[in-house]
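Accompanying notes for the structure given below.
Being a predicted model, the structure only gives us computed values, none of them experimental.
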Amino acid sequence: VTLFAHTPLNLYTTCATVKSLLFPSETSTSYVDLSPLKSLTLSAFTLCMRVATEVQVGSPVWKVLKVVSLSRLSFYLSGDGVYFSVPELGALETHVCFTWDSQSGATAVYLDGRKSLTKIYKKVHVVRAGGKVLLGQDPDNFLGDFDAQQSFVGEMYDVNLWDSALSPSEIRDLASGRQVQRANVIDWATVQVQSHGEVQVLSREL
């Protein structure tokens, strides 16, 4: 009888507020710096974010090339990248994740929790320390040298980076908004964001 006696009345009325990044137009000056929680020495990782865009252009994490109704998402560790043909991103928000494990070279991309085929990429490679985390641009060198045609146009948030390859079930949970282990390299809830150019940092309720 008294099981719910102490349940607060406003249990479902409190909304969490998170930051969201809006890149309104193509520029060579708009980007965001993120401050990682630890060294970027990585032998595996999972990178996830929520993205909405109406312009199919390059970005610092992936390059998108329109092919009929598909897009090619790719990421680069050094030299040539790894490519995946996936449904085209659009104005409706999409949860995007990349996973990579150095020991096996296994890498995959996930859209809204759905996993691509696995590809082998950069086996036994290690991401070295000393790098930077940038959103919104595809730098041609460590110091910048940005190209407006490779800039990201749209909105992104919930950017998280782990130093391990999360399981498919964990990524499905993430896409559904369920809690999993907190990201230990970039944690969107606490990460320090430094915006440049026309980037707008918005607040949104979940």
Can you confirm whether or not the ring centre of F45 sits under 6.0 Å from the ring centre of F75?
yes
List the atom of G113, the atom of A175, and the distance in Å for their closest heavy-atom pair.
N-CB, 3.6 Å
Under 3.5 Å donor-acceptor, T27 side chain and T29 backbone:
yes
If you compare all heavy atoms of Q149 against all heavy atoms of E26, which two are closest, and at what distance to 0.1 Å?
CA-OE1, 4.3 Å
Does a donor on one side chain sit under 3.5 Å from an acceptor on the other, for S30 and E198?
no
In the single-linkage hydrophobic clustering (I, L, V, M, F, W, Y; side-chain heavy atoms under 4.5 Å), do V109 and L117 co-cluster?
yes
Quick check: closest heavy atoms across C97 and I171, and the distance to 0.1 Å?
SG-CG2, 3.8 Å
Quick one: are V133 and D33 in side-chain contact, heavy atoms under 4.5 Å?
no
How far apart are the closest heavy atoms of T17 and S203, and which atoms are they?
CG2-CB, 3.8 Å
Between NE2 on residue H196 and CZ on residue F146, distance to nearest 0.5 Å:
8.5 Å
Is there a side-chain contact between Q103 and S43, using heavy atoms and a 4.5 Å cut-off?
no
Taking all atoms of both residues into account, what is the closest heavy-atom pair of D147 and Q137, and its distance?
O-OE1, 3.7 Å
NZ (K119) with more than 12 external heavy atoms under 6.0 Å:
yes
Looking only at atom types and distance, does a side-chain atom of S151 sit under 3.5 Å from a main-chain N or O of S28, one as donor and one as acceptor?
no
Can you tell me how far the CZ atom of F98 sits from the OG atom of S116, to the nearest 0.5 Å?
9.0 Å
Is any side-chain heavy atom of L77 closer than 4.5 Å to one of W100?
yes
Sub-4.5 Å side-chain heavy-atom contact between V199 and L135:
no
Taking the side chain as every heavy atom from C-beta outward, state whether Y110 and C48 have any pair of such atoms under 4.5 Å apart.
no
Keeping T46 on the side-chain end and L166 on the backbone end, is there a donor-acceptor pair under 3.5 Å?
yes
CD/E54 to CG/L89 distance, rounded to the nearest 0.5 angstrom?
12.0 Å
Can you tell me if CZ on R128 sees more than 12 non-hydrogen neighbours from other groups inside 6.0 Å?
no
Can you hop from M49 to V201 via hydrophobic side chains spaced under 4.5 Å?
yes
Set out, in order, the CA-CA distance, both residues' side-chain angles and the distance that settles side-chain contact (heavy atoms from CB on, under 4.5 Å) for V127 and T41, then state yes or no.
CA-CA 5 Å; V127 179; T41 302; over 6 Å; no
Pairs satisfying salt bridge (charged side-chain N to carboxylate O under 4.0 Å, His left out), at least one member in residues 98-112, at least two apart
none
I need the minimum non-hydrogen distance between A183 and D187, along with the two atoms involved.
O-CB, 3.6 Å
Would you say F84 and L111 make side-chain contact, with heavy atoms under 4.5 Å?
no
Do L92 and V51 land in one hydrophobic cluster if side-chain heavy atoms of ILVMFWY residues count as linked below 4.5 Å?
no
Determine whether more than 12 heavy atoms belonging to other residues, nucleotides or ligands lie under 6.0 Å from atom CD1 of I120.
yes
Find the distance between OG1 (T99) and CD (E170) and round it off to the nearest 0.5 Å.
11.0 Å
Please tabulate, for the side chains in residues 158-165, all donor-acceptor contacts under 3.5 angstrom to protein atoms that are two or more places apart in sequence or on a different chain.
| from | atom 1 | to | atom 2 | distance (Å) |
| --- | --- | --- | --- | --- |
| D158 | OD1 | N160 | ND2 | 3.0 |
| D158 | OD2 | R50 | NE | 3.0 |
| N160 | OD1 | W188 | N | 3.0 |
| N160 | ND2 | D158 | O | 3.2 |
| W162 | NE1 | Q181 | O | 3.0 |
| D163 | OD1 | N184 | ND2 | 2.8 |
| D163 | OD2 | K38 | NZ | 2.7 |
| D163 | OD2 | N184 | ND2 | 3.4 |

Going through the checks in order, is the side-chain contact (heavy atoms from CB on, under 4.5 Å) test met by V191 and K19?
CA-CA 10 Å; V191 69; K19 54 189 171 288; 3.8 Å; yes
Take E155 and R204 through the side-chain contact (heavy atoms from CB on, under 4.5 Å) test and state the conclusion after the steps.
CA-CA 12 Å; E155 186 174 3; R204 59 185 293 174; 3.7 Å; yes
Run H95 and L174 through side-chain contact (heavy atoms from CB on, under 4.5 Å) and show every step you take.
CA-CA 9 Å; H95 186 258; L174 279 171; 3.9 Å; yes
When rounded to the nearest 0.5 Å, the distance separating CD of Q192 from CG of L37 is 9.5 Å
Connected via hydrophobic side-chain network under 4.5 Å: F152 and L34:
yes
Kindly compute the distance separating CE (M156) from OG1 (T94), expressed to the nearest 0.5 Å.
12.0 Å
